[in-house]
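Because the structure is predicted, anything quoted here is derived from the model rather than measured. A, B, ... follow the sequence lines: proteins, then strands. Residue 1 opens every chain.
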Amino acid sequence: MAKQLQSIRGIHDGLPGEVANWQFIERQFEQVFRQYAFAEVRLPVLEPTELFVRSIGEETDIVSKEMYAFEDQGGDHLCLRPEGTAGAVRAYLQAGLTRSGGQRWYYKGPMFRRERPQKGRLRQFQQIGAEWFGASGPAEDIDMLAMAWQLIQSIQLQHVHMEINSLGCPDCRPAYRDTLQAYLTDKQQHLCETCHQRMHSNPMRVLDCKVQSCQQQLTDAPEMVAHLCEPCTSHFDTLKTGLAALAIPFVVNARIVRGLDYYNRTAFEIITDQLGAQGTVLAGGRYDGLVSELGGPATPAIGFAAGLERLGLLLEASAVSVSSAGVDVAVAALGDATLSYSLQVAQQLRQHGLTVLHCGGGNAKRQFKVADRESARFVAVLGEDEMQAQSLTLKNLASGEQITCDITEAIQHIK
RNA sequence: GUGGUCGUAGUUCAAUGGUAGAGCCCCGGCUUGUGAUGCCGGUUGUUGGGGGUUCGAAUCCCCUCGACCACCCCA
């Protein structure tokens, strides 16, 4: 293995084996999105850096240290998008859709964060996400979470569960924040180093600290769900009732917090225990303030995103069979004189919708080996005899049966 | 960004500081018209890269790149 060019750290190639899984996921997801009346949008990978600074929050890790940001030749500050929501909001506003009623969008594509790579955590990774602009009530939350759950169901994933929480709103969160901060101050000397920082920067973060000793101190910590204002309580209760009505299994996890600043009220995650520390497979929540934050009219909205690579890994772990398009017929041409005839036969078979691989001529043994390696269902043997008779010899590789017939008959046999 | 494990043929893995090997894959032949299943033969490596210690380094040391694991954070 001499010195050779390789892809950038944390940026991996999608090779056929893995892409087959992704395509399966995309097909299943697209069907679910359609059933929920969501339409696809295709948004830029490159956005003004300012967009994420204003939406995600300057203090977040994503913006402060994980963005691929640079100045282009014209002096503009650009970056590779680290997530999809901000760009979607920008597009929604730029297209002037604020008075066009609810917009239900989904998207898929690469996102970029400069983190230390691990399995299921890449620097370029793909997300499939959905955003619903103009979604005001808990009914939309229920639909959104139900759709998220249905997406996961559509690819038959095992060992996943949904957790929900409410993050409150600008009316009730500040008071809760104060309560929590006071509580934490009492416990301060028992908390870890990072939690000391978090107490001030984002006290709710302390709640999901993974340090054992911190968690032991926090067993009776005040929780947001117990300090919601009346409208938030009502919203959250209706959400739970709706999920129950749809028989969607969920647990309330009062420790769910959001890394991005723009979330309020409903926050949820679909989690697996199969991917080590990278167990979040789909996550999202309500962001009623973001549209106005970016200069639009007050527009309630909710969204989520799922990590395609993580779903693909889970698909393998769950041994879900991804039907891949195999070769129907491998064409074996025997003798140089039969080349043109074999090409014509292959073309005709393809015109009838079959997947055909021409084995390239040469000796029969080699061509059969190719057919076998490609898991072809049939081999069409085309020698001089067949060419003279305008026929072909068709062998079923699984049974070993072999017949000689004309093309029309062969096609019926294959289908 | 912090800490740790690892890196040998296309691939999976061997090799106490002393000649770099095996299985699988691939290619060819036995069988110039028949695979999955037989037999025979064959190709492949600057041991991730660079430097050092040593008579001698895949093996020990340093640096670097990458994968993975935990933290951090998150999809």
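Between the CZ atom in A:Arg121 and the CZ atom in A:Arg310 there is a gap of 8.0 Å [rounded to 0.5 Å]. In this structure, A:Phe304 CZ and A:Glu269 CD are separated by 13.5 Å, a value rounded to the nearest 0.5 Å.
Separation of the C1' atoms belonging to B:G10 and B:G4 is 30 Å when rounded to the nearest angstrom. Across the P atoms, B:G18 and B:C13 are found 23 Å apart, a figure rounded to whole Å. On the C1' atoms, B:G17 is 28 Å away from B:G23, given to the nearest whole Å. Spacing of P atoms, B:G42 relative to B:U37, comes out at 22 Å, to the nearest Å. Look at the P atom in both B:G51 and B:A14: the space between them is 28 Å, to the nearest Å. Using atom P as the reference point in both B:C55 and B:C39, the two lie 50 Å apart (nearest Å). Between the C1' atoms of B:G41 and B:G48, the separation comes to 32 Å (whole Å). Rounded to whole Å, the P atom of B:U31 lies 22 Å from the corresponding atom of B:C26.
In the model, A:Asp220 has a side-chain atom that pairs as donor or acceptor with a side-chain atom of A:Tyr183 under 3.5 Å.
Other residues, nucleotides and ligands contribute at most 12 non-hydrogen atoms within 6.0 Å of the CG atom of A:Asp336. Heavy atoms of other residues, nucleotides or ligands lying less than 6.0 angstrom from CD of A:Glu401 number 12 at most.
Among the heavy atoms of the strands lying under 4.0 Å from A:Gly400 is at least one base atom, whether or not backbone atoms are also near.
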Do nucleotides 67-73 of chain B as a string where each nucleotide becomes B, S or -: B if the base has a protein heavy atom under 4.0 Å, S if just the sugar-phosphate does, - if no protein is that close. SSBBBBB
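Summarising the base pairing, B:G66 is matched to B:C6 through a Watson-Crick or G-U wobble pair whose two defining distances lie under 3.5 Å. If you check B:U32 for Watson-Crick or wobble pairing at under 3.5 angstrom, you find it has no partner at all. Of all nucleotides present, only B:C26 satisfies the Watson-Crick or G-U wobble test against B:G42, with each distance under 3.5 Å. If you check B:A20 for Watson-Crick or wobble pairing at under 3.5 angstrom, you find it has no partner at all.
The aromatic ring centroids of A:Tyr92 and A:Phe133 lie less than 6.0 Å from each other. Taking the ring centroids of A:Phe250 and A:Trp149, they lie at or beyond the 6.0 Å cut-off.
If A:Ala364 and A:Val281 are placed on RNA chain B by their nearest nucleotide, the residue sitting closer to the 5' end is A:Ala364. Residue-to-nucleotide proximity on RNA chain B shows that, of A:Gly284 and A:Glu386, the 5′-proximal contact is made by A:Glu386.
Side-chain proximity of A:Arg366 to the nucleotides B:A75, B:C65, B:G28 is greatest for B:G28. Counting only heavy atoms from C-beta on, A:Thr280 has its side chain closest to B:A75 among B:A75, B:C27, B:G33.
Between the CG atom of A:Asp372 and the C1' atom of B:C26 there is a distance of 15 Å, given to the nearest Å. One atom, CD of A:Glu374, and another, P of B:C25, lie 16 Å apart when rounded to the nearest Å.
In this structure the side chain of A:Ser154 never reaches within 4.5 angstrom of the side chain of A:Gln31, judged on heavy atoms.
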